[in-house]
Amino acid sequence: MPESMNQNTPNDRDTIKVPIDELELGMHVSALDRPWLDTPFLFQGFPLEDPDDLATLRNICEYVYIDVLKARHVSSDARTSPVDLDRCPENYALQAKVEEEITKAHISYQCSFTEVEQILDTAYVDKLPDTRVIREHISECVDSIERNPSAMLWLTRIKNADKYTAEHCLNVGLLAIAFGRHLGVGRKHMELLGLCGMLHDVGKMKVDQTILNKPGKLTKEEYEHIKLHVNFGWEILQQDTTLPEEVIAACHHHHERQDGQGYPDQLDANTLGFYTKVVTIVDAYDAITSQRCYSAGTTSAAALKILYDNSGTQFDPKLVVKFIECIGIYPPGALVEMMSGEVGVVISVDPVNRLLPKVALLLDANKNPMQQRIVDLKRQRDLDAERQLRIRKVLMDGSFGVDLFEFTTRNINMQSAPDL
């Protein structure tokens with residue numbers, strides 16, 4: 001046993017502290033270096049038999065405590081799992097260019113959207129939704145996000161106010177998966193985050209749709225009625241005995257707050273689980289950036305500022321900082337103006353060089369349509385300063401007549417092109 005493992009916890013001589021790089025399958029994890037509710041793990045203490053859980057612990061903890069009397073034998077198959085146990089949250093290897101991934105991502109997005117609509121329609125007519133198919137699509141979405149998250153994040157920027165609820169549920173699920181990837185959680189936890197996000201607003205199908213879609217400000221009574229959607233969602237999902245507890249909890253409590261001033265149960269930070277905290281942040285971000293029948297959307301940067309300003313009271317402060325890192329200043333799908341005056345769409349972000357994304361330029365310096373050209377700002381660093389292209393600011397979606405949906409449709413089948 002390594003010498004570094006010879007540190008006991010104060011209350012249990014059979015429990016020892018283990019640096020995360022010495023953690024192995026077969027150990028029994030009894031405590032972490034952080035609250036359990038800040039992690040994806042449901043149970044406080046568990047045998048470490050899943051390589052996916054080992055990968056997650058190595059990415060989110062610095063050390064854990066193990067119970068030496070509860071160690072188990074682990075099969076050689078588990079020990080030789082193809083899961084990459086040495087990956088870092090900030091340095092997942094990109095397996096595909098966004099130009100190659102966007103078509104696959106779009107197929108998964110459309111299939112998932114159709115299924116989310118089906119789930120919501122089923123709930124609307126008082127039937128129990130079948131969640132088996134959406135889980136298959138979530139797995140495909142995780143595949144795409146693991147290869148290159150920029151493609152799916154780009155697609156979440158396309159907003160349609162007429163299909164807001166279904167689109168919002170899907171986008172929250174996809175953003176939650178991408179956030180999980182950034183945090184370094186294992187695949188099964190990313191799939192669970194996706195399921196939490198895509199089902200979190202199913203209860204909105206049981207509220208008065210006239211009030212839900214009211215273009216003006218809600219009255220106090222109307223707002224109280226809308227708040228019931230979290231209880232309606234809980235009633236619907238708890239009938240499905242196959243759903244994990246975390247999914248039902250995220251649906252029921254995604255409007256709770258860190259300070260205990262949320263609804264429906266006024267829970268505070270000490271009782272909110274990891275999945276609920278993630279969905280709460282992602283739900284707010286997508287809502288703030290969306291064009292809805294009763295409010296205009298805003299830029300990603302403005303939305304992130306709102307999250308930051310409300311961290312600690314409404315949102316988990318540590319997760320907010322990580323989410324801001326995940327989304328970045330120039331997220332895929334954002335419309336930007338260059339210092340040259342040209343306008344383009346961010347299509348890909350390098351995790352190591354987030355301020356130097358890949359941009360598809362669409363308008364010239366006079367804001368007239370031009371032949372699309374893709375510029376990798378990271379490669380521009382090798383040019384003379386006066387020749388380098390740089391981003392001046394992020395624009396509101398739709399500025400200068402740029403239609404992100406039309407741009408995306410035109411580029412779904414684009415082939416990888418040389419970067420300028």
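In this structure, the side chains of Asp286 and Lys159 come closer than 4.5 Å at one or more pairs of heavy atoms. For the pair His225 and Glu222, the minimum side-chain heavy-atom distance is 4.5 Å or more. When side chains are defined from C-beta on, Val346 does not count as touching Pro331, because their heavy atoms never get closer than 4.5 Å. You'll find the side chain of Gln258 reaches within 4.5 Å of the side chain of Leu272, heavy atoms only. Between Asp201 and His168, some side-chain heavy-atom pair lies under the 4.5 Å cut-off. Residues Leu25 and Pro51 are in side-chain contact: their nearest non-hydrogen atoms beyond the backbone lie under 4.5 Å apart.
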Q: Step by step, work out the side chain to side chain contact (heavy atoms under 4.5 Å, CB included) result for Leu319 and Phe179.
A: CA-CA 10 Å; Leu319 285 176; Phe179 189 21; 4.1 Å; yes
Q: I would like to know whether Lys358 and Glu99 meet salt bridge (Lys or Arg N to Asp or Glu O under 4.0 Å); could you show each step before the answer?
A: CA-CA 11 Å; Lys358 186 180 291 187; Glu99 296 93 334; 3.3 Å; yes
Q: Given salt bridge (Lys or Arg N to Asp or Glu O under 4.0 Å), test Glu146 with Arg187 step by step and report yes or no.
A: CA-CA 9 Å; Glu146 283 191 326; Arg187 181 186 177 91; 3.1 Å; yes
Q: Could you walk me through whether Gln388 and Arg390 pass the side-chain hydrogen bond (donor to acceptor under 3.5 Å, both in side chains) test, one step at a time?
A: CA-CA 6 Å; Gln388 292 181 13; Arg390 289 291 180 266; 2.5 Å; yes
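At distances below 3.5 Å, at least one donor-acceptor pair connects side-chain atoms of Arg58 with backbone N or O atoms of Leu23. A donor-acceptor pair under 3.5 Å links the side-chain atoms of Asp33 to the main chain of Glu62, judged by distance alone. Gln266 places a side-chain N or O within donor-acceptor distance of the main-chain N or O of Gly262, the cut-off being under 3.5 Å. Side-chain N or O atoms of Arg181 include one that pairs as donor or acceptor with a backbone N or O of Ile145 at under 3.5 Å. Side-chain N or O atoms of Glu342 include none that pairs as donor or acceptor with a backbone N or O of Asp364 at under 3.5 Å. Between the side chain of Asp283 and the backbone N or O of Val279, no donor-acceptor pair lies under 3.5 Å.
Note: Trp36 and Phe41 have perpendicular aromatic rings, judged against thresholds of 30 and 60 degrees for the angle between ring planes. Classification of the Tyr263-His255 ring pair by plane angle, with boundaries at 30° and 60°, yields parallel. A perpendicular orientation is assigned to the rings of Tyr65 and Tyr63, their planes being inclined by more than 60° (bins at 30° and 60°).
Between His182 and Phe323, a ring centre-to-centre spacing not shorter than 6.0 Å is recorded. Tyr109 and Trp154 have their aromatic ring centers separated by at least 6.0 angstrom.
Here the straight-line distance linking atom OG of Ser108 with atom CD1 of Ile138 works out to 11.5 Å at 0.5 Å rounding. For the atom pair Met190 CE and Leu183 CG, the distance stands at 10.5 Å (nearest 0.5 Å).
One side chain, Asp265 or His253, offers a donor N or O that lies under 3.5 Å from an acceptor on the other. For Thr242 and Arg135, the side-chain atoms include at least one donor-acceptor pair closer than 3.5 Å. Using a 3.5 Å distance cut-off with no hydrogens or angles, the side chains of Arg157 and Thr289 do not pair a donor with an acceptor. Side-chain contact, Gln118 with Thr122: a donor N or O sits under 3.5 Å from an acceptor N or O.
With sequence neighbours excluded, the residues that form a side chain to side chain contact (heavy atoms under 4.5 Å, CB included) with Thr280 are His254, Thr276, Phe315.
Shown here for Ile119 and Pro129, the closest heavy-atom pair between the two residues is CG2-CB, 3.7 Å. Taking each heavy atom of Ile177 and Cys141 in turn, the nearest pair found is CD1-CB, 4.4 Å. For the pair Ser112 and Leu170, the tightest heavy-atom approach, listed with the atom from each and the gap, is CB-CD1, 3.6 Å.
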